[in-house]
Amino acid sequence: MPRRHFRKYLPSHAAVNENRYIARFGSWLKHHNLWHLHRRSVAGGLAVGMFAGLIPGSNPVQFTAAGLLAIVFRVNLPIAMIVTLYSNPLTIVPLYFLAFKLGQLVLMDSGGSLPSLAFSLEGKGFTEWLPTALEWLGSIGKPLLVGLPLLALLFSATGYLVVRWAWRWYVITAWRRRRLVRMKRSAQEP
């Protein structure tokens, strides 16, 4: 893949080893796969980021989970953390709705659509709003609780396989291109 473009944004292995903040963590953040761009590390980083992006909570929670999972699985740490940004305020509602529907499908629950929250909260004060919101969460809880980890695993596996396939396709295409150039050069030489 076009690693030259991304290398200028990532720290070198020497810079990582010499960083005083990273030195506090000892050897945990010094593994070369955490910072290098190769097929396994990038694909794993994307998979970890896709999984961590669906962890409920805001970005610091997702970043921390992605960082810890990247360290455990020794995959690219910056990519894992950046990929978590696919779940943001614009995409979280459709993602959770998809997780809810996946949970309904797995549980064979034909409960219809997601219960409406807006109409049940209309005109209520905070003391009435909170129990109503909690009741609504309880009504969608089981399908969402099952669907969210399944969707995260599905996104992770799909992302991992797509990156591995795309990387392999790019390398094979580059090899063929170089072979054709060599063949043209050898045909032109007397």
Side-chain angles (χ1 to χ4, degrees), residues 1 28-29 31 33-34 37-170:
M1 294 307 266
W28 284 41
L29 294 179
H31 194 274
N33 281 348
L34 296 175
L37 293 171
H38 52 79
R39 182 173 49 179
R40 182 191 164 278
S41 182
V42 170
L46 183 111
V48 162
M50 294 296 278
F51 183 84
L54 281 179
I55 293 175
S58 62
N59 280 342
V61 173
Q62 295 169 346
F63 284 163
T64 304
L68 292 174
L69 288 171
I71 291 168
V72 168
F73 291 112
R74 294 186 173 158
V75 296
N76 193 288
L77 180 65
I79 289 179
M81 294 178 82
I82 289 170
V83 168
T84 61
L85 295 174
Y86 81 95
S87 67
N88 55 56
L90 296 175
T91 61
I92 199 68
V93 172
L95 287 170
Y96 273 44
F97 181 73
L98 186 61
F100 175 77
K101 287 298 189 182
L102 181 62
Q104 278 187 330
L105 181 70
V106 169
L107 294 173
M108 291 184 259
D109 178 16
S110 61
S113 64
L114 195 62
S116 177
L117 177 66
F119 295 119
S120 57
L121 294 179
E122 192 174 319
K124 293 187 178 181
F126 183 74
T127 56
E128 298 168 331
W129 179 88
L130 189 59
T132 306
L134 290 174
E135 181 183 329
W136 179 80
L137 281 173
S139 68
I140 66 165
K142 194 170 182 182
L144 189 62
L145 189 64
V146 170
L148 208 51
L150 286 177
L151 187 64
L153 288 172
L154 181 68
F155 281 178
S156 294
T158 303
Y160 183 84
L161 293 173
V162 166
V163 168
R164 293 286 296 229
W165 177 82
W167 199 294
R168 180 173 167 77
W169 175 80
Y170 179 83

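Here the structure is a predicted model, which means the values were calculated and not measured.
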Inspect the surroundings of OH in Tyr86 and state if more than 12 heavy atoms from other residues, nucleotides or ligands are less than 6.0 Å away.
yes
All heavy atoms of Val48 vs all of Ala66, minimum pair found to be CG1-O, 3.5 Å
Any chance you could measure Gln104, atom CD, to Leu144, atom CG, to the nearest 0.5 Å?
10.5 Å
Any heavy-atom pair between the side chains of Leu105 and Phe100 that's under 4.5 Å?
no
Within the structure provided, determine whether Leu34 and Val75 are in side-chain contact (heavy-atom separation under 4.5 Å).
no
Interatomic distance, CZ@Arg164 vs CZ@Arg39, rounded to 0.5 Å, equals 4.5 Å
Measure from the side-chain N and O atoms of Thr91 to the backbone N and O of Asn88, and report whether any donor-acceptor pair falls under 3.5 Å.
yes
Of all heavy-atom pairs linking Leu145 and Pro149, the shortest is O-CD, 3.1 Å
Nearest heavy-atom neighbours spanning Ala47 and Ser156:
O-OG, 2.8 Å
Heavy atoms, side chains only, cut-off 4.5 Å: are Met81 and Gln62 in contact?
no
Any chance you could measure Leu102, atom CG, to Leu95, atom CG, to the nearest 0.5 Å?
12.0 Å
Locate the shortest heavy-atom distance separating Gly49 from Val83; write the atom from each residue and the value.
C-CG1, 3.7 Å
I'd like to know if the side chain of Ser87 reaches the main chain of Leu54, judged simply by a donor and an acceptor atom lying under 3.5 Å from each other, with no hydrogens or angles considered.
no
Residue pair Ile79 / Leu37, side-chain heavy-atom distance below 4.5 Å
yes
Exercise: identify the closest heavy-atom pair between Ala80 and Ala70:
CB-CB, 4.0 Å
Quick one, Phe63 and Leu85 - any side-chain contact, counting heavy atoms below 4.5 Å?
yes
Testing the basics here: between Ala65 and Ile55, what is the closest heavy-atom pair and its distance to 0.1 Å?
CB-CD1, 3.4 Å
Hey, mind stepping through Phe51 and Thr84 against side chain to side chain contact (heavy atoms under 4.5 Å, CB included) and telling me if it holds?
CA-CA 8 Å; Phe51 183 84; Thr84 61; over 6 Å; no
Steps toward side chain to side chain contact (heavy atoms under 4.5 Å, CB included) verdict (Tyr160, Leu46):
CA-CA 7 Å; Tyr160 183 84; Leu46 183 111; over 6 Å; no
Is the number of heavy atoms from other residues, nucleotides or ligands under 6.0 Å of Arg74 CZ greater than 12?
no
Taking the side chain as everything from C-beta on, heavy atoms only, tell me whether Leu148 gets closer than 4.5 Å to Pro56.
yes
